[in-house]
S.K.: 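Following this message is one structure expressed as structure tokens.
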Amino acid sequence: MKGGSHLRCASCGDAYQLKEPVVHCRCGGLLDVAHDLSRWHGRGEGLKALFRSRLLSGKEADASGVWRFRELVLPGFPLKSMVTRGEGNTRHYSFRKTGEWMGQPNVVFKHEGENPTGSFKDRGMTVAVSRAKADGAKRVVCASTGNTAAAVASYASLAGLPSAILIPENATALGKISQSLAYGATTIKIRGDFDAALRLVMESREKLGLTVLNSVNPFRLEGQKTIMFEALERMGWNPPDWIVVPGGNLGNTSAFGKAFTEAKEIGLIDRLPRIAVIQAEGASPFFHSYSDGWKPYKMEAETVATAIRIGDPVNRDKAVRAVDATDGLVASVTDTEIMDAKAIVDSDGVGAEPASCTSAAGIRKLVAEGVIKRDERVLAILTGNLLKDPDATIKYHSESLPDIMSASPNRPVTIDPTARALEKVLSS
């Protein structure tokens, strides 16, 4: 299938047409969207100039931090079928207090919580929903810990497609559920965890005619690649030494590895940064697998970082490929370390949801262990907005999170409505 894009099994290499309604290969392996990049060999500088020129074009497609890179995402896709909210274009931050706390001053945070629905999922969803609409999907569906659900509900509504989202009954942050309800998705609570919800989605998709928009959908990862294309462009196409990313279902890890290998093949970059995947200790199957020579590992997941509360990540094999290709690593941090990191990141005036802050906690740990050196350049990904999980924030600062002793609480104070009472608080 030369000369264009197709689906290719990441395990056995078998190929399928883009429009074939397949999720897995016949061998059971996951599928990649494979592009013929030969036309860009030796033309990296021209491609950089093309991407840059679109920043001021005023066209809807170019206003998207995903579709601006369309030659590397879904070349030839008809833009009239594009479903977009102007996703991407997220900012980079250097946090003073967080840098001091981590012991690493050369960290830049890319905040994907600045996407329209408040998480990086919008980047994948603009591509997956656009493709689903163009292919005549009847109903889209996902299992979710919350962020995917919000993005599916939003983009499906824009596309005029009915959507259904399946979420764990007692393990989804209210901020995320409220988005799915507001955007009009059929919201279904499962008596079980995320892994049970995803199994149900996969078992039911053919019988019920559902188009699955979880990251098992390879078009999702094509959109998520643009996190790195955009970051590299912002950094003058000079890769940092490390990319540090939270690990849940491992879609970002997989997408980042694919982005780097494609960018190097074309000549956009001359070397690959190392990927460090950070998981919550209570939801760390990938860390256990990495620590045991990549033997498969599943677990019952439990963590305050609900967005990554996943015990059997669907993108494991692709993520292994990404870590190996970049000489990367996998680490885990405790819930206490995550929430203490979140308190520091939040106090720098931007903030993020708990799962995002595994990146900051992981950097602090890896710096202390001497793995990340103080003179190395680091790009860390914050995956979701602070308001995605306000309950965890309030409980941390009120010192009421179970099994967590808050290191940096900002306790609320209650006073009588008198000037003397106010003066007493402010003077203390």
Side-chain angles (χ1 to χ4, degrees), residues 112-113 115 117-125 128 140-155 163-181 183 185-202 212-217 220 224 245-254 277-286 298-316 319 335 338-339 342 352-359 381-393:
E112 287 297 296
N115 275 287
T117 74
S119 86
F120 72 91
K121 305 285 187 174
D122 295 346
R123 289 191 187 254
M125 218 54 69
V140 295
V141 65
C142 74
S144 179
T145 57
N147 283 331
T148 298
V152 166
S154 173
Y155 282 80
S163 63
I165 61 108
L166 281 66
I167 57 176
E169 181 181 24
N170 297 313
T172 307
L174 290 177
K176 302 171 187 180
I177 296 175
S178 67
Q179 289 179 284
S180 301
L181 295 173
Y183 295 135
T186 299
T187 303
I188 303 165
K189 295 184 177 182
I190 298 296
R191 297 187 184 96
D193 59 11
F194 167 83
D195 300 303
L198 184 57
R199 282 194 298 271
L200 179 58
V201 164
M202 298 304 291
V212 179
L213 296 183
N214 283 95
S215 56
V216 68
N217 182 317
R220 273 275 308 274
Q224 288 165 222
V245 59
N249 221 9
L250 303 176
N252 272 341
T253 303
S254 306
V277 184
I278 314 299
Q279 293 203 293
E281 188 177 81
S284 56
F286 196 52
K298 302 177 184 179
M299 65 187 298
E300 292 292 326
E302 182 56 49
T303 173
V304 69
T306 56
I308 54 175
R309 188 184 286 165
I310 297 169
D312 185 15
V314 69
N315 288 293
R316 176 198 173 277
D335 277 4
I338 291 170
M339 292 306 296
K342 172 176 159 52
E353 70 168 316
S356 297
C357 298
T358 59
S359 56
I381 307 301
L382 298 175
T383 48
N385 188 281
L386 170 66
L387 296 180
K388 286 286 191 172
D389 193 353
D391 188 56
T393 303

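For the single chain, residues carry numbers from 1 onward in sequence order.
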S.K.: Backbone N or O of Gly247 within a donor-acceptor pair of the Gln279 side chain at under 3.5 Å?
M.R.: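 The answer is yes, because a donor-acceptor pair under 3.5 Å joins these two groups.
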S.K.: Grab the two heavy atoms, one from Pro313 and one from Gly311, that are nearest each other, plus how far apart they are.
M.R.: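 What the structure gives for the nearest pair is CD-C, 3.8 Å.
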S.K.: Do you know the tightest heavy-atom contact between Ile338 and Ala280?
M.R.: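 Taking Ile338 first and Ala280 second, the nearest heavy atoms are CD1-CB, 3.7 Å.
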S.K.: Do you know which two heavy atoms are closest between Ala149 and Ser180, and how far apart they sit?
M.R.: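 Closest approach of Ala149 to Ser180: CB-OG, 3.3 Å.
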S.K.: Any idea which heavy atoms bring Ile381 and Pro246 closest together, and the distance?
M.R.: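 For Ile381 and Pro246, the tightest heavy-atom pair comes out as O-CD, 3.5 Å.
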S.K.: Heavy atoms, side chains only, cut-off 4.5 Å: are Ile167 and Ile190 in contact?
M.R.: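 No, side chains not in contact.
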S.K.: Just how far is it from atom CD1 of Ile188 to atom OG of Ser144, taken to the nearest 0.5 Å?
M.R.: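 Answer rounded to 0.5 Å: 12.5 Å.
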S.K.: Counting C-beta onward and ignoring hydrogens, is there a side-chain heavy-atom pair between Val314 and Asn249 closer than 4.5 Å?
M.R.: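 Yes. Closest side-chain heavy atoms under 4.5 Å.
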S.K.: Please determine which of Asn214, Leu166, Thr148 meets the side-chain contact (heavy atoms from CB on, under 4.5 Å) test together with Phe194.
M.R.: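 By the side-chain contact (heavy atoms from CB on, under 4.5 Å) criterion, Phe194 pairs with just one of Asn214, Leu166, Thr148: Asn214.
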S.K.: With sequence neighbours excluded, give me every salt bridge (Lys or Arg N to Asp or Glu O under 4.0 Å) pair touching residues 140-153.
M.R.: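 Those involving residues 140-153 do not exist here.
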S.K.: Would you say that Ser163 contacts Val140 through its side chain, given a criterion of any heavy-atom pair below 4.5 Å between the two side chains?
M.R.: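 With C-beta onward as the side chain, the pair touches.
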S.K.: Are any side-chain N or O atoms of Thr358 and backbone N or O atoms of Ala355, one a donor and one an acceptor, separated by less than 3.5 Å?
M.R.: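 Yes; at least one donor-acceptor contact below 3.5 Å.
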S.K.: Can you find a pair of side-chain heavy atoms, one from Thr117 and one from Met125, that are under 4.5 Å apart?
M.R.: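 Counting from C-beta outward, Thr117 and Met125 never come under 4.5 Å.
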S.K.: For the atom pair NZ (Lys176) and CD1 (Ile165), what is the distance rounded to the nearest 0.5 Å?
M.R.: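 Reported value, rounded in 0.5 Å steps: 12.0 Å.
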S.K.: Looking at residues at least two apart in the chain, or sitting in another chain, which of them share a salt bridge (charged side-chain N to carboxylate O under 4.0 Å, His left out) with Arg123?
M.R.: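 With sequence neighbours excluded, Arg123 shows a salt bridge (charged side-chain N to carboxylate O under 4.0 Å, His left out) to Glu112, Glu230, given in chain and number order.
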S.K.: Please report the interatomic distance CG(Asn115) to CZ(Phe120), rounded to the nearest 0.5 Å.
M.R.: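 These two atoms lie 10.0 Å from each other.
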S.K.: Using a 4.5 Å cut-off on heavy atoms from C-beta on, say whether the side chain of Cys142 contacts that of Val201.
M.R.: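 Of all side-chain heavy-atom pairs linking Cys142 with Val201, none is under 4.5 Å.
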S.K.: Are the side chains of Lys342 and Ser356 in touch, meaning some heavy atoms are under 4.5 Å apart?
M.R.: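 A side-chain contact under 4.5 Å is absent here.
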S.K.: In chain order, what residues pass the side chain to side chain donor-acceptor pair (under 3.5 Å) check against Asp335, with sequence neighbours excluded?
M.R.: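 Applying side chain to side chain donor-acceptor pair (under 3.5 Å) to Asp335 gives Thr303.
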S.K.: Please list, chain by chain and in numerical order, all residues satisfying side-chain contact (heavy atoms from CB on, under 4.5 Å) with Ala319, sequence neighbours excluded.
M.R.: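 Checked Ala319 against side-chain contact (heavy atoms from CB on, under 4.5 Å); matches are Leu250, Thr253, Ser254, Phe286.
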S.K.: Quick check: closest heavy atoms across Ile278 and Ser359, and the distance to 0.1 Å?
M.R.: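 Result for this residue pair: CG1-CA, 4.5 Å.
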S.K.: With Asp195, which residues qualify under side-chain contact (heavy atoms from CB on, under 4.5 Å), at least two apart?
M.R.: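 Listed in chain order: Asp193, Arg199, Ile310, Asp312.
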S.K.: Do Val141 and Val212 pass the side chain to side chain contact (heavy atoms under 4.5 Å, CB included) test, and can you show the C-alpha distance, the side-chain angles, and the key distance before you say yes or no?
M.R.: CA-CA 5 Å; Val141 65; Val212 179; 4.2 Å; yes
S.K.: Run the side-chain contact (heavy atoms from CB on, under 4.5 Å) test against Ser119 and tell me which residues pass, sequence neighbours left out.
M.R.: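 Result, side-chain contact (heavy atoms from CB on, under 4.5 Å) vs Ser119: Lys121, Asn147, Lys388.
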S.K.: Examine distances only and state if a side-chain atom of Arg220 and a backbone atom of Leu213 form a donor-acceptor pair shorter than 3.5 Å.
M.R.: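 Here the side-chain-to-backbone pair exists.
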